[in-house]
Amino acid sequence: MTTKTIKGISDDDWRDFKTIAVRSNLSMGELFKTMLRTYNREKDEFWKKLFSHPPLLTENEAKDMEKHMAWRKERGFRKHDFGI
């Protein structure tokens, strides 16, 4: 049987992982698969929630803003860097 290692995992973290597997009555492989599925599901839910948000500006407001930005550019207004 070969032992596989993951770089950058401390002994404490590895012990915690094994403890969680024992408490959950799972093998470490099953716990790892469960953690990956949970991570992917939550990641997908986050992006769906982020991109399903309604737009901040209406189409008319966006077009109006573009007109004002073009006007400022034509007149030579500069962008200011206030060092914030």
Side-chain angles (χ1 to χ4, degrees):
M1 184 169 157
T2 61
T3 303
K4 297 181 182 181
T5 60
I6 302 172
K7 292 182 181 180
I9 303 227
S10 69
D11 290 336
D12 292 336
D13 291 339
W14 184 244
R15 185 176 52 248
D16 290 344
F17 180 76
K18 291 193 296 186
T19 303
I20 292 169
V22 169
R23 287 182 182 167
S24 301
N25 199 23
L26 296 170
S27 68
M28 289 189 292
E30 286 298 316
L31 176 62
F32 186 72
K33 289 177 190 176
T34 302
M35 291 170 77
L36 286 176
R37 283 193 300 267
T38 302
Y39 170 80
N40 285 327
R41 185 178 59 245
E42 289 177 0
K43 178 185 63 160
D44 292 342
E45 288 173 5
F46 167 79
W47 287 112
K48 284 179 186 176
K49 182 179 176 183
L50 182 69
F51 288 124
S52 67
H53 194 277
L56 298 175
L57 298 174
T58 64
E59 289 293 323
N60 290 336
E61 290 172 332
K63 288 177 184 177
D64 191 39
M65 185 180 285
E66 285 178 4
K67 289 179 192 175
H68 289 293
M69 290 172 66
W71 182 82
R72 288 177 56 103
K73 193 172 190 178
E74 289 174 9
R75 302 293 190 264
F77 286 88
R78 297 178 300 174
K79 293 181 180 178
H80 294 285
D81 181 17
F82 295 109
I84 298 174

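When reading the values below, keep in mind they use all heavy atoms of this one structure, side chains included, and skip hydrogens, waters and symmetry mates. Here the structure is a predicted model, which means the values were calculated and not measured.
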Atom [atom1] of [X]: over 12 foreign heavy atoms under 6.0 Å:
X	atom1	answer
Asn25	CG	no
Asp11	CG	no
Leu36	CG	yes

### Query
Is a donor on one side and an acceptor on the other found under 3.5 Å between the side chain of Ser52 and the backbone of Lys49?
yes
### Message
Donor-acceptor check, side chain of Glu30 to backbone of Ser27, threshold 3.5 angstrom: yes or no?
### Response
no
### Message
Under the criterion side-chain contact (heavy atoms from CB on, under 4.5 Å), I'd like the reasoning laid out for Ile20 against Phe17: C-alpha separation, chi angles, the key distance, then a yes or no.
### Response
CA-CA 5 Å; Ile20 292 169; Phe17 180 76; 5.8 Å; no
#### Entry: Same cluster (ILVMFWY, side-chain, under 4.5 Å), Met28 and Leu26
yes
### Task
Drop me the distance from Glu42's CD to Asn40's CG, to the nearest 0.5 angstrom.
10.0 Å
### Query
Which distance, rounded to the nearest 0.5 Å, do you find between the CG of Asn60 and the CG of Asp64?
8.5 Å
### Message
Please evaluate residues Lys43 and Tyr39 with respect to the criterion side-chain contact (heavy atoms from CB on, under 4.5 Å), reporting the C-alpha separation (whole Å), side-chain torsions for both, the decisive distance (0.1 Å), and the verdict.
### Response
CA-CA 6 Å; Lys43 178 185 63 160; Tyr39 170 80; 4.1 Å; yes
### Query
If you measure from the Lys or Arg side-chain nitrogens to the Asp or Glu carboxylate oxygens, is any gap between Asp12 and Arg15 under 4.0 Å?
yes
#### Entry: Minimal non-hydrogen separation, Leu56 against Glu61, with atom names
O-OE1, 4.2 Å
### Query
Which atom names give the shortest non-hydrogen contact between Ile9 and Trp14, and what distance separates them?
CG2-N, 3.9 Å
### Message
Using side-chain contact (heavy atoms from CB on, under 4.5 Å), reason through Met35 and Thr38 one step at a time and then give a plain yes or no.
### Response
CA-CA 5 Å; Met35 291 170 77; Thr38 302; 5.7 Å; no
